[in-house]
**Student:** 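Below is one structure. I have some questions about it.
What you see is a predicted model; the values in this text were computed from it and never measured. Residue numbers start at 1 and run along the sequence shown.
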Amino acid sequence: MDPVTLTLLVAALLTLAAGLVLFYRVSQQKAELSALQQQLERERQNIARDAEATKKETLLEARDEAHIIREKAEQEARELRAQVQKLEERVNQREETLERRSTSLEQREAEAKERDRELEGLRQEVQTLIARQRSELERIAGLGHEEGRTLLMKQLEDELRMDMARLIKQIEEETRGEADRRARQIIVQAIQRCAVDQVSETTVSVVPLPSDDMKGRIIGREGRNIRAFETLTGVDLIIDDTPEAVVLSAYDPVRRETARVALSNLILDGRIHPGRIEETIQKARDEVEQKIREAGELAVMRAGVGGLHPELIRRLGKLRYRTSYGQNVLDHSVEVALLAASLAAELGVDAEIARRAGLLHDVGKAEDHEMEGSHLDISVDLVRKFGEAPGVVHAVEAHHGDVDFGSVEAVLVQVADAISASRPGARREMLETYIKRMQRLENIVNDVPGVEKTFAVQAGRELRIIVRPEQVDDLSSAKLAHDTARRIEEQIEYPGQIKVVVIRETRTSEYAR
């Protein structure tokens, strides 16, 4: 083979080899480019999925926030509507009271005019009789004018004294009956114009949990979370087998409410550790303090009292979390204020003093957990310290009868306090105690001869005694009612008063055949 041909052959082989190498490199680069494109596509898809998930989470959070805001707005609207409705009811009740008073005054004026006319007629008749008797005495006895006049005056004086005694007795009986009727009417009107809700007394609060797994987080590692919570709040946190709930126990209602708010916020937040617990409890204290002030301001507005010292308003707000014998003390104080003011207005005395004293009469119960002395002594010290008038201080001091009453307003505050505490439904009574008291009431006169049956009605506020008419006459019935009332006072403890009614009736029946 000649050199030229060999050279050409070698050149062809080299060209072919270079082409093969170039083709391999191009194929390899195409494969790498394809893999890179696939990787970019996968990254783009992942980014799109993450963006879609983020969008959904953002929408859900926005919807939740909107739902919460809407619920708060609806709650505030409901509260405002309730307040407006209460104010409208008070205005309507006052208008009805004014109308009744106007009608009563018109009736009294008409009765007074009628009595004046009757008295004028009687006066003229007396003058006519005097003139007739004077003439008759002068004619018959032949007495002189002065002698006849003296004799006639003595006779008339004796007759008038007898007539006056009878008239005075009649007026006293009518006045006593009218006073009783008027007193009942005033008390009933005052009670009807003031009605507040009552709550049951409690020393524990139950906090719901989303699941039982939350109990372990509340306890914390080696119990550090629950120890920190109980130390900072002064409240016992009881975790037992109760499903999805824990119990807070404390005698101080404000501390218990603070602990409840703090624990609820911790459960919602989910971050439970000693540092977070301390921060949340401080926020809960601020929140409860704000609720206390708002409750005090609302109570002052409901009672219609103005010009109270801010510290008195704050202590009134603390009574929102205090109960006595199952009766909420703040609602009780507002009710006593309204009742005392209503009674004072009906009797024409200072309604403002009665209203303020009624609202503040139990204000010491807000501090008797923390201060020495009875709630009465603490109440007197507080109202005197914060500048209330002497009349208000005296009414607060006398509302338990520990000191002599120095004013009508003090008596009215005590009466309003008793009405609020003893009216049906105001205070809780154990069912067993209630049943025993009803049984004792029905059995109290079973040993009296002539008693056939006894019935305790109206939740034990009235005892009806049915007697045998052939064994008990009318006079004995009156004596039986009086003796039974004395027995009840001596042997049974009861709220308010109990009415004793003796029923004696004779029935005669016959059949027409």
**Student:** Between Lys479 and Asp483, does a salt bridge (Lys or Arg N to Asp or Glu O under 4.0 Å) hold up when you go through it step by step?
**Tutor:** CA-CA 6 Å; Lys479 185 176 184 301; Asp483 294 343; 2.8 Å; yes
**Student:** Hey, could you give me the OG1/CZ distance between Thr231 and Arg227, rounded to the nearest 0.5 Å?
**Tutor:**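 These two atoms lie 8.5 Å from each other.
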**Student:** Quick one: do the Gln83 and Glu79 side chains pair a donor with an acceptor below 3.5 Å?
**Tutor:**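 No - no donor-acceptor pair under 3.5 Å links their side chains.
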**Student:** Decide yes or no on side chain to side chain contact (heavy atoms under 4.5 Å, CB included) for His67 and Glu71, but give the supporting numbers first.
**Tutor:** CA-CA 6 Å; His67 181 68; Glu71 286 184 347; 2.5 Å; yes
**Student:** With the side chain counted from C-beta on, respond yes when Leu376 and His399 share a heavy-atom pair under 4.5 Å apart, and no when they do not.
**Tutor:**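 Heavy-atom side-chain distance check passes, below 4.5 Å.
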**Student:** Please step through salt bridge (Lys or Arg N to Asp or Glu O under 4.0 Å) for the pair Arg293 and Glu289, ending with a clear verdict.
**Tutor:** CA-CA 6 Å; Arg293 293 190 178 276; Glu289 182 67 23; 3.7 Å; yes
**Student:** Donor-acceptor pairs under 3.5 Å, side chain of residues 353-360 to any protein atom, not counting sequence neighbours: which ones?
**Tutor:**
from   : atom 1 : to     : atom 2 : distance (Å)
Arg355 : NH1    : Ala303 : O      : 3.0
Arg356 : NE     : Glu388 : OE1    : 2.9
Arg356 : NH1    : Gly306 : O      : 2.5
Arg356 : NH2    : Glu388 : OE1    : 3.3
Arg356 : NH2    : Glu388 : OE2    : 3.0

**Student:** If you count every heavy atom of other residues, nucleotides or ligands that lies below 6.0 Å from Asn92 atom CG, does the total exceed 12?
**Tutor:**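 Yes, the 6.0 Å shell around CG holds more than 12 heavy atoms from other groups.
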**Student:** Could you tell me whether the side chain of Arg256 reaches within less than 4.5 Å of the side chain of Tyr321, counting heavy atoms only?
**Tutor:**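 In short, these two side chains do not touch, never coming nearer than 4.5 Å.
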**Student:** If we ignore hydrogens and angles and just use 3.5 Å, is the side chain of Glu442 paired with the main-chain N or O of Ala456 as donor and acceptor?
**Tutor:**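 Yes; judged by distance alone, with no hydrogens or angles, the pair exists.
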**Student:** Are Glu279 and Arg276 within salt-bridge range, i.e. N to O under 4.0 Å?
**Tutor:**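 Here Glu279 pairs with Arg276 in a salt bridge, since their nearest N and O are under 4.0 Å apart.
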**Student:** Can you establish whether the number of heavy atoms outside Arg486 located under 6.0 Å from its atom CZ is more than 12?
**Tutor:**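 Atom CZ in Arg486 is packed in, count exceeds 12.
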**Student:** Could you tell me if Gln75 and Arg78 have a donor-acceptor pair between their side chains, going purely by distance under 3.5 Å?
**Tutor:**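 Note: Arg78 and Gln75 side chains meet the donor-acceptor criterion.
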**Student:** Please check this pair: side chain of Asn443 against backbone of Gln439, looking for a donor-acceptor N/O pair closer than 3.5 Å.
**Tutor:**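 Indeed, once roles are kept as given, a pair shorter than 3.5 Å links the two residues.
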**Student:** Is the backbone N or O of Ala344 less than 3.5 Å from a side-chain atom of Glu409, with the two atoms forming a donor-acceptor pair by type?
**Tutor:**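 No: the side chain of Glu409 does not pair with the backbone of Ala344.
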**Student:** Flag yes if more than 12 heavy atoms outside Arg464 fall under 6.0 Å of its CZ atom; otherwise flag no.
**Tutor:**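 It does not: Arg464 CZ has 12 such atoms or fewer within range.
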**Student:** Looking at Glu222, I want to see if its CD is surrounded by more than 12 non-hydrogen atoms of other residues, nucleotides or ligands under 6.0 Å.
**Tutor:**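 Not buried by this count: 12 neighbours or fewer within 6.0 Å.
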**Student:** Any heavy-atom pair between the side chains of Arg504 and Leu480 that's under 4.5 Å?
**Tutor:**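 With C-beta onward as the side chain, the pair stays apart.
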**Student:** Which residue, Ile292, Leu308, Leu298, forms the side chain to side chain contact (heavy atoms under 4.5 Å, CB included) with Leu316?
**Tutor:**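 Only one option passes, and that is Leu308.
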**Student:** How long is the straight-line distance from CZ of Arg440 back to CD1 of Ile488, given to the nearest 0.5 Å?
**Tutor:**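 One gets 10.5 Å once the value is rounded to the nearest 0.5 Å.
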**Student:** What's the shortest heavy-atom distance between Glu244 and Ser211, and which atoms?
**Tutor:**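 Of all heavy-atom pairs spanning Glu244 and Ser211, the closest is CG-CA, 4.2 Å.
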**Student:** Which class fits the ring pair His361 and His332: parallel under 30°, tilted 30 to 60°, perpendicular over 60°?
**Tutor:**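 Ring orientation of His361 relative to His332: perpendicular.
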**Student:** Minimum heavy-atom separation for Val363 to Ser379, with atom names?
**Tutor:**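 Taking every non-hydrogen atom into account, N-OG, 3.5 Å.
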**Student:** Of all the heavy-atom pairs spanning Leu382 and Gly364, show the shortest one and how long it is.
**Tutor:**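 Between these two residues, the closest heavy atoms are CD1-CA, 4.3 Å.
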**Student:** Just wondering, do Lys283 and Glu287 contact through their side chains at under 4.5 Å, heavy atoms?
**Tutor:**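 No. Closest side-chain heavy atoms not under 4.5 Å.
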**Student:** Check side-chain contact (heavy atoms from CB on, under 4.5 Å) between Pro274 and all other residues, then give those that pass, not counting sequence neighbours.
**Tutor:**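 Applying side-chain contact (heavy atoms from CB on, under 4.5 Å) to Pro274 gives Arg224, Asn225, Ala228.
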**Student:** For a quick test of reading the model, state the closest non-hydrogen atom pair linking Phe405 to His394 and the distance between them.
**Tutor:**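 For Phe405 and His394, the tightest heavy-atom pair comes out as C-NE2, 3.7 Å.
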**Student:** Of the non-hydrogen atoms in Leu319 and Ser333, which two are nearest, and what is the gap between them?
**Tutor:**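 Scanning both residues, the minimum pair turns out to be CD1-OG, 4.1 Å.
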**Student:** Below 4.0 angstrom, N of the basic side chain to O of the carboxylate: do Arg315 and Glu311 qualify?
**Tutor:**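 Looking at Glu311 together with Arg315, the answer is yes, because their closest N to O distance falls below 4.0 Å.
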**Student:** Salt bridge between Glu114 and Arg117, side-chain N to carboxylate O under 4.0 Å?
**Tutor:**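 Salt bridge between Glu114 and Arg117, a charged N being under 4.0 Å from a carboxylate O: yes.
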**Student:** So do Leu248 and Phe229 actually touch side chain to side chain, heavy atoms under 4.5 Å?
**Tutor:**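 When only atoms from C-beta onward are counted, Leu248 and Phe229 do touch, with a gap below 4.5 Å.
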**Student:** Answer whether the closest heavy-atom distance between the side chains of Thr233 and Ile281 falls below 4.5 Å.
**Tutor:**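 Thr233 reaches Ile281 side chain to side chain.
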**Student:** I'd like to check Gln85 versus Glu89 (side-chain heavy atoms, cut-off strictly below 4.5 Å). Are they in contact?
**Tutor:**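 Counting from C-beta outward, Gln85 and Glu89 do come under 4.5 Å.
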**Student:** Could you tell me whether Glu257 and Arg260 have a side-chain N and a carboxylate O separated by less than 4.0 Å?
**Tutor:**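 Looking at Arg260 together with Glu257, the answer is yes, because their closest N to O distance falls below 4.0 Å.
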**Student:** Going by heavy atoms in the side chains, are Ile218 and Leu209 under 4.5 Å from each other?
**Tutor:**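 Result yes, sub-4.5 Å side-chain heavy-atom pair found.
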**Student:** Which heavy atom of Gly234 sits nearest a heavy atom of Arg255, and at what distance?
**Tutor:**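 Nearest pair, atom of Gly234 first, then Arg255: O-NE, 3.6 Å.
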**Student:** Out of curiosity, Leu412 CG to Leu347 CG, how far, rounded to the nearest 0.5 Å?
**Tutor:**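 Answer rounded to 0.5 Å: 5.5 Å.
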**Student:** Rounded to the nearest 0.5 Å, what separates atom CD in Glu99 from atom CD in Glu95?
**Tutor:**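 Between Glu99 CD and Glu95 CD, I get 7.0 Å after rounding to 0.5 Å.
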**Student:** Quick one: CD1 on Ile444 to CD1 on Ile492, what's the gap to the nearest 0.5 Å?
**Tutor:**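 The CD1 atom of Ile444 sits 4.0 Å away from the CD1 atom of Ile492.
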**Student:** Charged N to carboxylate O below 4.0 Å: is that the case for Asp331 and Arg302?
**Tutor:**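 Looking at Asp331 and Arg302, the cut-off is met.
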**Student:** To the nearest 0.5 Å, what is the distance between CD on Gln93 and CG on Leu338?
**Tutor:**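 Rounded to the nearest 0.5 Å, the CD-CG separation comes to 10.0 Å.
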